[in-house]
Q: 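First the structure, which I've put down as structure tokens, then a few questions once you've had a look.
Just so we're clear, the structure is a prediction, and the values are computed from it rather than from any experiment. Residue indices begin at 1 and follow the sequence shown.
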Amino acid sequence: MSKSNSNSAEHNVIAAGTIIKGDITTDGDFRIDGKIEGTIQSKGRIIVGNSGSILGTVKAENIDVMGYIEGTIVTNDTLTLKSTAKVKGDIQTSILDIEQRAEFNGTCTMGKETPAQPNPKNQKK
């Protein structure tokens with residue numbers, strides 16, 4: 001498991017039963033056991049607990065998923081899908097670690113490069 005690259009000792013938690021609609025940006029690590037509808041960005045690690053769910057975009061250095069994410073996931077380092085994880089959407093990561101029984105439906109682009117864009121000159125008219 002990779003260490004968090006966050007320089008902050010702060011850890012944020014969204015407790016089970018809490019619903020947040022909107023965007024969240026933090027320098028520290030973040031654990032979600034409630035529900036987020038929007039975008040969450042962290043310079044550290046995001047952990048989506050068993051009861052946690054995110055509908056939207058998740059961006060962080062490292063992400064561990066035990067709950068549910070529907071949307072886009074972008075990591076600079078490692079995305080770990082634990083056995084209880086359910087992910088529906090698009091992933092861009094350097095390292096993908098999927099435990100047995102985790103569910104993933106969508107597309108995945110791996111590596112530090114951005115996905116290749118179609119060349120308009122090569123497309124038929």
Side-chain angles (χ1 to χ4, degrees):
M1 199 178 263
S2 299
K3 290 183 179 179
S4 171
N5 288 341
S6 172
N7 293 329
S8 174
E10 298 296 318
H11 299 280
N12 300 287
V13 177
I14 295 177
T18 302
I19 299 172
I20 295 178
K21 295 182 181 183
D23 299 338
I24 299 171
T25 303
T26 182
D27 289 340
D29 295 345
F30 216 111
R31 181 178 176 99
I32 295 115
D33 290 308
K35 182 176 183 177
I36 294 178
E37 295 179 16
T39 298
I40 179 167
Q41 288 184 279
S42 172
K43 292 182 182 175
R45 176 181 303 279
I46 293 177
I47 299 169
V48 181
N50 287 332
S51 63
S53 72
I54 299 173
L55 298 174
T57 301
V58 184
K59 295 181 180 181
E61 195 65 25
N62 296 287
I63 301 173
D64 295 339
V65 182
M66 294 169 265
Y68 178 80
I69 296 178
E70 183 174 337
T72 302
I73 301 172
V74 179
T75 67
N76 293 325
D77 192 10
T78 304
L79 170 63
T80 303
L81 302 182
K82 302 292 187 177
S83 63
T84 56
K86 291 179 174 43
V87 174
K88 182 179 178 182
D90 300 325
I91 294 172
Q92 182 176 346
T93 186
S94 293
I95 301 167
L96 179 60
D97 183 12
I98 303 177
E99 290 183 358
Q100 191 173 12
R101 294 195 175 90
E103 295 179 21
F104 167 56
N105 291 295
T107 62
C108 180
T109 303
M110 294 184 67
K112 299 272 183 199
E113 303 158 8
T114 56
Q117 299 298 316
N119 186 343
K121 293 180 182 178
N122 293 338
Q123 293 180 350
K124 293 181 181 179
K125 294 185 180 184

Q: Provide the closest heavy-atom pair for G44 versus A60 in the form atom of the first, atom of the second, distance.
A: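 Scanning both residues completely, I find the closest heavy atoms to be O-CB, 3.6 Å.
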Q: Looking at side-chain heavy atoms only, is the closest gap between T93 and M110 below 4.5 Å?
A: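 A side-chain contact under 4.5 Å exists here.
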Q: Could you go through D90 and T72, starting from their C-alpha distance and side-chain angles, then the distance that decides it, and tell me whether this counts as side chain to side chain donor-acceptor pair (under 3.5 Å)?
A: CA-CA 5 Å; D90 300 325; T72 302; 4.8 Å; no
Q: Let me confirm one number: the NZ-CD1 distance from K35 to I14, rounded to the nearest 0.5 Å.
A: 12.5 Å
Q: Rounded at 0.5 Å granularity, tell me how far CD1 in I36 sits from CG in D23.
A: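 Result: 10.0 Å between the selected atoms.
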Q: Hey, quick one: are I91 and I69 part of the same hydrophobic cluster, counting side-chain heavy atoms closer than 4.5 Å, chains of contacts allowed?
A: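 Linked, I91 and I69 end up in one cluster.
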Q: Between V58 and Y68, is there a shared hydrophobic cluster once you connect ILVMFWY residues whose side-chain heavy atoms come closer than 4.5 Å?
A: no
Q: Kindly give the heavy-atom pair with the smallest separation between S53 and V48, and that separation in Å.
A: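 What the structure gives for the nearest pair is N-CG1, 4.2 Å.
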Q: With rounding to the nearest 0.5 Å, note down the distance linking CD in Q41 to OG1 in T26.
A: 10.5 Å
Q: Looking at every non-hydrogen atom in both residues, tell me the closest pair between S83 and Q100 and how far apart they are.
A: CB-O, 3.2 Å
Q: As an exercise, state the distance from CG of L81 to CD1 of I98, rounded to the nearest 0.5 Å.
A: 5.0 Å
Q: Does I24 share a hydrophobic cluster with I63, counting links as ILVMFWY side-chain heavy atoms below 4.5 Å and allowing steps through other members?
A: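 Yes, because I24 and I63 connect within a single hydrophobic cluster, where side-chain heavy atoms sit under 4.5 Å apart.
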Q: Considering all heavy atoms of both residues, which atom of L96 and which atom of C108 are nearest to each other, and what is their separation?
A: CD2-SG, 3.8 Å
Q: Calculate, to the nearest 0.5 Å, the distance between atoms CD and CG belonging to E61 and N76 respectively.
A: 4.5 Å
Q: Starting from M66, can I reach I40 by hopping between I/L/V/M/F/W/Y residues whose side chains sit under 4.5 Å apart?
A: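 Per the 4.5 Å side-chain linkage, I40 and M66 are not co-clustered.
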Q: So, for I46 and I32, which heavy atoms are closest and what is the spacing to 0.1 Å?
A: CG2-CD1, 3.6 Å
Q: Looking at T78, is its backbone amide N or carbonyl O close enough to the side chain of N62 to form a donor-acceptor pair, meaning the two atoms are under 3.5 Å apart?
A: yes
Q: Check whether any side-chain heavy atom of T84 lies under 4.5 Å from a side-chain heavy atom of E99, and answer yes or no.
A: no
Q: Would you call D27 and K43 a salt bridge, using N to O less than 4.0 angstrom?
A: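 Result for this pair is yes, salt bridge flagged.
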Q: Quick check for you: to the nearest 0.5 Å, what is the distance between I73 atom CD1 and F104 atom CZ?
A: 7.5 Å
Q: Of all the heavy-atom pairs spanning V65 and A85, show the shortest one and how long it is.
A: O-CB, 3.3 Å
Q: Verify the cluster assignment for I54 and V74: are they in a single hydrophobic cluster under the rule of side-chain heavy atoms below 4.5 Å apart?
A: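 They do not share one cluster, since no chain of ILVMFWY contacts under 4.5 Å joins I54 to V74.
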